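See structure below.
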Amino acid sequence: MNTPGASMPGVSSAAGSQTPRFGILGSGKGSNFRALAETFQQGLLGSEPVIVLSDVETAGILDLAKGLGIPSHFVAPGPFRTKMTPEAEGEIVRLLEEAKVEFIVLAGFMRVIKEPLLKAFPGRILNIHPSLLPEFRGLKAWRQAMEAGVPEAGCTVHLVDEGVDTGKILGQSRVPVLPDDTPETLHARIQIAEHELYPRIVRGFAQNLLGENPKPHTHEPHHHREATP
Ligand code: GRF
């Protein structure tokens, strides 16, 4: 496959199974995906973006992927505004499994993730949210922060569970709210922090995966240790 780092020293296919593969889901311009891809190209991501999927046919993230030679697909989400149909999620699962990804990175994906994806990749879906969670869950979190008058905002990378922005926190970056900020200038400052935070957390997550069982779909039985009395 034609991946951006494939011809670069240290990012050869010889890395093979030592480099966990991941898929990206995004609905927007894809600046976080760009930061991840650039870190991969520098040989510093410890994992490889291999497929980009979007619920928005015209999303910039799909064009970015094409420019980088990473396979990309639009998946029609169905009639709901905030979630996909089970069939659409099933198609996303199929594409991700076909691409042999071990984890998923949400980068500006604007729909709630439901059971088909959560079940197929348990504990293996990451998201970045533009607030210091647990504060300001949901949409336009930077605007919520400004309206609340907090002195500090930021961004959070977390695991995705069945809630909205509720999963286990993997890392955060803080940014100041300045006196003359508008929602737009604050969001821009948060995004700069996101582009540093997300690659760093993805690298750590991939390293942890290699320390565990790198195959998500083997469903090996867990060996429960008996509780000691
Ligand atoms: C980011 O602000 C992220 O925190 C939120 O959606 C936005 C995506 O931006 N989840 P981009 O498409 O990566 O530029």
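Scope of the values below: all heavy atoms of this structure, side chains included, with no hydrogens, waters or symmetry mates. Computed from a prediction, not measured in an experiment: that's the story for all the values here.
Pairing each heavy atom of Pro130 with each of Glu194, the nearest pair is CB-OE2, 3.6 Å. Across all their heavy atoms, Ala107 and Ile24 have their closest contact at CB-CG2, 4.0 Å.
Within the 3.5 Å criterion, the main-chain N or O of Ala99 finds a donor-acceptor partner in the side chain of Arg21. Thr39 places no side-chain N or O within 3.5 Å of a backbone atom of Leu44 that could act as its donor or acceptor partner. Distance alone, capped at 3.5 Å, is enough to place a donor-acceptor pair between the Arg111 side chain and the Phe80 backbone. A donor-acceptor contact shorter than 3.5 Å links the side chain of Glu89 to the backbone of Leu117.
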I'd like a table of donor-acceptor pairs (distance under 3.5 Å, sequence neighbours excluded) in which one partner is a side-chain atom from residues 155-163, with atom names and distances.
| residue | atom | partner | partner atom | Å |
| --- | --- | --- | --- | --- |
| Thr156 | OG1 | Ser131 | O | 2.6 |
| Thr156 | OG1 | Leu133 | N | 3.0 |
| Thr156 | OG1 | Gln172 | NE2 | 2.9 |
| His158 | NE2 | Asn127 | ND2 | 3.1 |
| Asp161 | OD1 | Gly163 | N | 2.9 |
| Asp161 | OD1 | Thr166 | OG1 | 2.5 |
| Asp161 | OD2 | Thr166 | OG1 | 3.3 |

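Val164 and Ile169 sit in two unconnected hydrophobic clusters of ILVMFWY residues. Membership requires side-chain heavy atoms under 4.5 Å apart, directly or through other members. There is a path of hydrophobic side-chain contacts, each under 4.5 Å, that joins Leu118 to Phe121.
Residue pairs meeting the ring pair (Phe, Tyr, Trp, His ring centres under 6.0 Å) criterion with at least one member in residues 168-208, sequence neighbours excluded: Phe103-Phe205, Trp142-His187.
Val177 is linked by a side-chain contact (heavy atoms from CB on, under 4.5 Å) to Ala153, Asp181, Leu186, counting only residues two or more places apart in sequence or in another chain.
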request  = Kindly determine whether Glu48 and Phe40 satisfy side-chain contact (heavy atoms from CB on, under 4.5 Å), including the steps that lead there.
outcome  = CA-CA 7 Å; Glu48 179 176 355; Phe40 169 70; 3.6 Å; yes
request  = Please step through side-chain contact (heavy atoms from CB on, under 4.5 Å) for the pair Leu25 and Ile92, ending with a clear verdict.
outcome  = CA-CA 9 Å; Leu25 269 58; Ile92 287 178; 4.3 Å; yes
request  = Starting from the C-alpha separation in whole Å, work towards a yes-or-no answer on side-chain contact (heavy atoms from CB on, under 4.5 Å) for Asp165 and Phe136.
outcome  = CA-CA 9 Å; Asp165 306 323; Phe136 311 126; over 6 Å; no
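At a threshold of 4.0 Å, the pair Arg94-Glu97 does not count as salt-bridged, since none of the basic side-chain nitrogens sits closer than that to a carboxylate oxygen.
Side-chain contact between Arg143 and Met146 is absent, with no heavy atoms from C-beta onward closer than 4.5 Å.
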